[in-house]
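From a predicted model like this one, the values you see are computed outputs, not experimental measurements. Starting from 1, each residue takes its place in the sequence as its number.
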Amino acid sequence: MGRPYGGRKGLKRSGTSAKTLTSKRSRKNRHIEAKVARSPSPSSSGTSSEEHSNGVASEVMAVYKEPSVYDNLLVKLGKSSDFLADVCRRRQQEEEGRSDIDEEEDGGSESPSASGEEDNSEKGSDSESDSSHAEGTDILKPTKVDLMNQNEETDTEDEDEVFDKDQEHDVEISGQTSIDAPESVSSFKDHLGHKLSEVHVNDLKNVKWKFKWKVPAVGMSMSNWIGTGQCFFKEVDHNSVHGLQKKLSEHWLDVYKKDGGSDFYSSNQRLFFSVCNTYRDIMHCNKKPFYLRGMEEDSSIMDAYIMHALNHVFRTRDLVTKNNEKLAKHQGDVKAEIVSGDEFLDHGFTRPKVLMLLPLASIALRVVKRMIYLTPSKNKVNVEHMDRFLDEFGTEEDDKNDENFHDDKNSKPQKSSKPSDFQALFGGNNNDHFMIGIKFTRKSIKLYSDFYSSDMIVASPLALITKIGEAEIVKDKDIDYLSSIEVLIIDHADVIAMQNWSHVNSVVEQLNHIPSKQHGTDVMRIRHWYLDGHARFYRQTIILGSFINPDINALFNHHCVSYHGKVKLISEYKGVLPKVLLQVRQIYERFDVSSVADADDARLDYFATKIFPKIKYSIEGGIMIFISSYFEFVRIRNFLKSQSASFCMLSEYTKQSDISRARVWFFGGERKIMLYTERAHFYHRYKIRGIQNLIIYSLPERKEFYPEIVNMLEDSHNMACTVLFSCFDQFRLERIVGAEPAKKMVSSEKNIFTFC
């Protein structure tokens with residue numbers, strides 16, 4: 001196991017006398033009391049109005065104050081640590097307006113930290129937090145010998161780890177030279193250093209987000225960025241990359257030129273990085289994925305969020321390293337500075353700060369390989385366990401490709417009867433249960449690092465759900481490594497939606513909770529907003545996909561609560577009706593419904609009363625009913641059984657032998673009706689033969705599926721297609737028929753529309 005950033009081995013208690021500490025504390029208390037008497041406390045501080053009159057502090061009164069999470073944590077940990085017990089006692093004295101001298105006059109005992117007893121803390125790890133066996137570790141003051149021993153026991157790559165002064169500065173790239181700016185302009189520092197007032201926190205808990213501004217999206221003619229708060233696009237310097245570390249920005253520029261780029265500052269990746277660097281929650285659901293021939297755009301967006309993630313991890317690590325050096329230089333005042341000031345508050349509960357949720361191992365392979373490629377050379381002298389990673393996440397075909405991953409431009413899809421986008425998406429490792437920790441040291445990248453010693457976790461929603469379930473059953477297991485996630489990236493959300501979006505909801509609900517164990521973290525260096533339970537307001541969530549649906553939209557609206565606000569891409573669609581190659585008469589029938597909760601029942605009722613009677617008394621077979629969700633599939637299946645209808649089924653859960661049998665029955669006319677789900681089409685892309693009449697019970701989420709399904713009517717004599725929809729299907733309807741026709745169809749007095 002590695003060592004925590006702030007961890008110290010074999011540290012002894014300070015030999016500073018109780019009298020000296022008491023004298024310092026009492027002088028500080030008298031200074032604070034005098035300052036309070038001169039100036040009123042701000043109204044947002046929570047101070048009782050009885051303590052002030054005309055802006056002047058009154059006499060100190062004994063007023064009960066609800067203990068904070070920080071107070072409760074100190075009390076709990078103080079039971080196993082004399083030092084923390086002393087800290088808790090002194091904190092209570094300060095709040096009550098008493099000094100250490102007052103305590104001694106009242107008969108208080110000597111400070112445990114001055115007793116001269118020696119204690120050794122447990123050995124730390126190379127991360128902010130180690131595994132659960134480090135629970136209860138005392139936070140003690142280091143000596144020079146201890147710090148030397150600590151450096152000797154670090155990983156080989158960290159032996160000469162020194163904080164680079166140039167990392168304190170942001171960078172403005174000018175092609176050949178870099179202009180340093182003070183770190184105070186860093187969005188990273190401003191973001192994590194901001195203190196939320198209780199009023200602001202309460203507003204965030206109850207806020208209903210309103211998008212107040214709109215800006216055209218560069219390179220997308222029918223798309224606009226909308227956002228809450230003030231518009232930041234006008235403030236973005238189009239000739240710089242503010243907030244990005246010098247070593248990252250220089251390497252990124254070199255990579256861009258090496259890949260053939262000519263205008264970095266106008267590129268999609270630089271523009272999207274500027275959006276990510278605001279630490280607002282982002283929803284970009286009109287991205288052209290790589291499997292739909294959108295290689296350039298998809299790679300540009302991926303490069304931007306990877307650089308943002310690397311920048312966040314590197315800045316976090318450098319900040320902790322810098323503070324460790326400061327602590328080593330100020331040994332005598334270390335304890336007092338940590339307790340009284342905010343200078344060394346640089347920790348979360350655990351080390352992992354970035355979580356990436358991806359649907360398939362092949363996509364994870366693509367992202368991690370690109371991440372390694374975008375990491376500066378001096379930080380990847382050694383990439384540990386790369387062979388294992390390629391074996392587990394790749395295929396033999398992947399091994400033949402360039403390990404640097406140049407957007408797969410030279411890769412050729414294998415010959416297959418399946419569409420090209422299906423081959424691109426499912427041609428690699430289709431495993432949807434994976435999870436890997438990634439740790440960055442000064443000179444190396446460690447794949448498969450322990451989750452508690454990792455900087456970044458790349459996982460599928462299914463793998464995390466499994467971990468969550470195990471933690472609920474087995475007491476010794478926990479998921480506390482999710483407690484300090486500050487950047488959450490959900491890429492290819494459209495593919496995850498085809499798997500099980502509820503897993504994503506469950507994972508997000510488990511983020512940023514107070515951990516069940518200490519995990520060896522230096523409690524005195526944890527940021528206050530973590531201890532106050534406000535970490536979710538500092539977490540940035542970036543959702544990327546090729547389309548939006550109500551589930552994705554609901555997650556963005558209700559679970560993404562960054563105090564900076566939200567940015568969302570909205571798009572208008574031309575529709576995919578021109579891609580229907582046959583002269584098919586497409587009849588859209590709208591059923592009226594008053595609420596989302598009643599939509600499913602209203603759809604089934606309309607089908608049972610308006611559509612099914614025509615099918616039931618028809619002699620002709622070859623009727624395929626296309627259904628979007630498995631829930632709707634079950635309802636239709638049960639309804640057809642109740643009507644003793646002749647039908648067969650083809651869903652995502654149907655066995656291969658049953659699939660072959662159903663296709664033969666339907667084509668041969670032995671079964672009159674076939675039920676076919678969107679997820680079955682997504683995973684298999686079957687071409688169903690024998691269709692004479694097509695009924696689309698619910699429109700597909702993926703717009704490209706609509707022409708594929710309708711074009712299966714090529715052997716039909718009637719060339720007829722019936723589509724059911726309601727006003728709550730507007731997202732899907734826009735993508736298929738176009739934005740303007742969809743608006744008219746939803747609001748029109750007519751309820752039947754025909755396209756030919």
Side-chain angles (χ1 to χ4, degrees), residues 2-16 20-21 24-25 28 70 73-74 77 81-84 86-87 90-91 111 113-114 118-130 134 137-155 158-165 167-168 183 188-189 192-193 314-351 353 441-442 453 455 484 518-528 530-531:
R3 175 171 291 104
Y5 284 136
R8 297 176 286 279
K9 179 188 175 185
L11 305 182
K12 298 182 179 181
R13 295 189 184 280
S14 170
T16 307
T20 302
L21 291 174
K24 290 182 179 179
R25 181 68 68 179
K28 180 180 177 181
Y70 183 58
L73 188 58
L74 282 179
L77 297 176
S81 169
D82 292 338
F83 171 71
L84 291 177
D86 182 51
V87 171
R90 293 178 184 278
R91 181 179 174 87
S111 170
S113 63
E118 296 183 358
D119 265 338
N120 292 330
S121 65
E122 294 185 22
K123 181 178 180 181
S125 68
D126 195 27
S127 64
E128 277 190 26
S129 60
D130 204 346
T137 301
D138 287 349
I139 314 301
L140 307 178
K141 183 171 67 177
T143 64
K144 184 175 292 185
V145 175
D146 293 325
L147 290 170
M148 291 174 62
N149 291 337
Q150 173 184 328
N151 290 335
E152 291 174 359
E153 294 172 3
T154 55
D155 297 323
D158 293 334
E159 288 179 355
D160 57 344
E161 182 170 359
V162 179
F163 175 74
D164 297 329
K165 291 184 178 180
Q167 302 308 327
E168 293 187 11
E183 192 181 10
F188 169 84
K189 184 175 181 180
L192 297 182
F314 282 20
R315 282 194 174 277
T316 299
R317 179 175 170 276
D318 289 345
L319 175 62
V320 173
T321 305
K322 178 180 68 174
N323 286 341
N324 285 346
E325 290 186 352
K326 287 184 178 180
L327 292 175
K329 294 177 181 178
H330 303 282
Q331 297 177 34
D333 298 328
V334 135
K335 194 184 303 181
E337 284 184 294
I338 291 180
V339 173
S340 61
D342 295 343
E343 182 179 359
F344 299 106
L345 298 181
D346 52 13
H347 278 37
F349 292 118
T350 54
R351 177 163 177 164
K353 294 295 182 290
T441 66
R442 188 170 181 264
S453 63
D455 296 296
S484 302
Q518 185 183 348
H519 300 288
T521 305
D522 189 339
V523 176
M524 305 309 297
R525 292 177 67 174
I526 298 177
R527 299 181 189 273
H528 286 312
Y530 272 110
L531 298 168

message: Quick check for you: to the nearest 0.5 Å, what is the distance between Asn323 atom CG and Leu345 atom CG?
response: 9.0 Å
statement: Between Thr350 and Ser484 the two heavy atoms that sit nearest each other are N-OG, 3.0 Å
statement: Value for CZ (Arg525) from CG (Asn324), rounded to nearest 0.5 Å, stands at 4.5 Å
- line: d(Leu319 CG, Phe188 CZ) to nearest 0.5 Å is 5.5 Å
query: Any salt bridge between Arg351 and Asp455, counting N to O under 4.0 Å?
result: yes
query: Closest heavy-atom contact between Thr521 and His347?
result: CG2-CD2, 4.1 Å
- line: Heavy atoms of Arg442 and Arg317 approach each other most closely as N-NH2, 2.7 Å
statement: Heavy-atom nearest pair, Val523 first then Gln518, reads CG2-NE2, 3.6 Å
- line: Minimal heavy-atom distance between Phe349 and Ile526, with the atoms involved, is CD2-CD1, 3.8 Å
